[in-house]
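As the structure lists them, so they are numbered: ligands from 1, and atoms in each ligand from 1. One is the number of the first residue; the rest follow in order along the sequence. Note that this is a predicted model, so its numbers are computed, not measured.
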Amino acid sequence: MTQMFPLPAHGWPVLQPGWVWLVGAGPGDPGLLTLHALNALRQADVIVHDALVPDEILAWAPQARLEDMGKRAGKTSARQDDICHRLIDLARAGQRVLRLKGGDPYVFGRGGEEAQALIAAHVPVRVVPGITAGIGGLAAAGIPATHRDFNQSVSFVTGHDHSGALPASLDWRAIAQGSQMLVIYMGLRHAEKIAAQLIGAGRAASEPCAIIANATRPDQQVIETTLTHLARDAANAPASAPVLLVVGENVRLRAELDWASQVAAPMMAAE
Ligand code: SAH
C-alpha cells in the first residue's frame with residue numbers, strides 16, 4: 001500500500017464532481033509531479049491517462065478508476081474525438097475527472113484540443129501545467145536548455161503531424177537559422193529527413209546532437225551523436241520508448257554536466 005504523506009498547508013483546490021482537471025504528469029520520474037498534480041491524484045474518481053504516465057504515478061491514486069487512452073486494447077491510441085466525448089460523459093455523470101497527460105498538457109499533448117471541447121460543452125475545467133520532456137528531459141540528460149556561451153534561443157518542434165508524417169508546415173530553413181538549440185519531440189521516425197533538412201538549411205553536419213530516450217526514468221538512455229550520424233544512431237534508440245532529439249552546441253556540456261549517470265544506476269551513453 002502506498003504510504004500517504006500530507007500535502008503542505010495551502011489552500012488546495014477541491015476537485016468537484018462534474019469537473020475535469022487537465023493535468024501534466026511530467027516526463028516520467030514521479031518526483032517531477034507538481035503538488036497540484038498530487039492533490040488531483042488524491043481526489044479523482046476516475047483518471048483518464050495516456051501511455052506516457054507511469055504506473056508508479058497512477059498507484060498514488062488507489063481510490064481512482066483508471067482509463068487508459070494511450071493504447072486501447074493494447075493496440076492503437078484512442079481517437080481524439082473519443083477521448084473528448086469520454087471526458088464530457090464522465091463529467092456529466094458527476095465524476096471527479098482527472099485527465100492526466102505526460103509532460104505538460106499544452107505541449108504537443110493535444111491538451112488544447114481537449115480543453116476546447118470541454119469548454120464548448122460547458123464542462124468546468126482546471127489546467128495544471130507539468131514539466132515538459134523538452135525541459136525536464138534535457139536537465140536529466142545533463143544538457144542545459146540555455147547557456148549564455150552557446151544559445152540565446154531554443155525551439156520546441158514536433159516531428160509528427162496528425163497522420164504521423166513530418167509536418168509539412170515546418171519551415172526548416174527558418175527553424176535552422178532562427179534558433180540555435182532545437183528540441184524535437186516525436187522526431188525519431190523522421191530523424192533522417194530532419195537531419196537532411198537542417199544540413200540543407202545550413203547547419204553544420206558535425207553539429208552535436210543527442211538522442212534522449214526514457215528521460216528522467218530509471219532506464220534513461222542518452223546517445224550523443226552529430227547531425228551526420230543522427231539517423232544511424234536514432235535506429236539504436238529503444239523502439240517503444242519516448243524519445244527526444246536535441247540539436248545544438250549545448251549538447252557538448254554533457255561531458256561536464258551529466259550528473260545523472262553519477263547518481264543513477266543504469267545509464268548508457270554511446271557514440
Ligand atoms: N506533453 C508531453 C509531450 C507529448 S508528445 C510533454 O510535454 O512532454 C510525446 C513525445 O514527447 C514523445 O514522443 C517524446 O518525443 C517526448 N517525450 C515525452 N516524455 C519523454 C521522456 N520521458 N523521454 C523522452 N522523450 C519524451
Inset, instruction - Ignoring hydrogens, just give me the one of Leu244, Val243, Ile135, Asp50 whose non-hydrogen atom is nearest atom 15 (O) of ligand 1. - result: Val243
Inset, instruction - Could you say whether the N/O atoms of Phe108 and ligand 1 ever approach to under 3.5 Å? - result: no
Legend entry - Residue and atom name of the nearest protein heavy atom (relative to atom 11 (O) of ligand 1), distance in Å to one decimal: Tyr185 CD2, 3.4 Å
Legend entry - Part of Gln220 within contact of ligand 1 (heavy atoms, under 4.0 Å): neither
Inset, instruction - From the options Asp29, Ile184, Val107, select the one whose nearest heavy atom is closest to atom 3 (C) of ligand 1. - result: Val107
Legend entry - Short N or O distance, Gly102 and ligand 1, threshold 3.5 Å exclusive: yes
Inset, instruction - Decide whether Thr225 and Asp233 meet the rule of one side-chain donor and one side-chain acceptor closer than 3.5 Å. - result: yes
Legend entry - Donor-acceptor side-chain pairing of Glu113 and Gln80 below 3.5 angstrom: no
Inset, instruction - Report the residue from Leu230, Val246, Val222 that forms a side-chain contact (heavy atoms from CB on, under 4.5 Å) with Ile211. - result: Leu230
Legend entry - Side chains of Tyr106 and Thr132, donor plus acceptor under 3.5 Å: no
Inset, instruction - Go through ligand 1 atom by atom and flag the ones less than 4.0 Å from a non-hydrogen atom of Ile212. - result: 24 (C)
Legend entry - Proximal ligand 1 atoms for Asn214, defined as those under 4.0 Å from one of its heavy atoms: 22 (N), 23 (N)
Inset, instruction - Just need the protein heavy atom nearest to atom 24 (C) of ligand 1, so name the residue and atom and give the distance. - result: Pro242 O, 3.2 Å
Inset, instruction - Could you name the option among Gly26, Ala215, Ala133 that has the heavy atom nearest to atom 19 (N) of ligand 1? - result: Ala133
Inset, instruction - Run the numbers for me: atoms of ligand 1, each under 4.0 Å from some heavy atom of Asp104, listed by number. - result: 1 (N), 6 (C), 7 (O)
Inset, instruction - Indicate whether the side chain of Gln43 and that of Gln63 have a donor and an acceptor atom separated by less than 3.5 Å. - result: no
Inset, instruction - Answer yes or no: does an N/O atom from Thr132 fall short of 3.5 Å to an N/O atom of ligand 1? - result: yes
Legend entry - same_hphob_cluster(Leu32, Val243) at 4.5 Å side-chain heavy-atom cutoff: no
Inset, instruction - Considering the heavy atoms of Pro27, write down every atom of ligand 1 situated less than 4.0 Å from one of them. - result: 21 (C), 22 (N)
Legend entry - CZ-CD distance between Arg254 and Glu224, expressed to the nearest 0.5 angstrom: 4.5 Å
Legend entry - Salt-bridge contact Arg79-Asp81 (side-chain N to carboxylate O under 4.0 Å): yes
Inset, instruction - Compute the minimum heavy-atom distance from Met186 to ligand 1 and say whether it is under 4.0 Å. - result: yes
Inset, instruction - Give the C-alpha distance, both sets of side-chain angles, the deciding distance and a yes or no for ring-ring contact (aromatic ring centres under 6.0 Å, His included) between Phe156 and Phe108. - result: CA-CA 9 Å; Phe156 293 153; Phe108 301 134; 7.3 Å; no
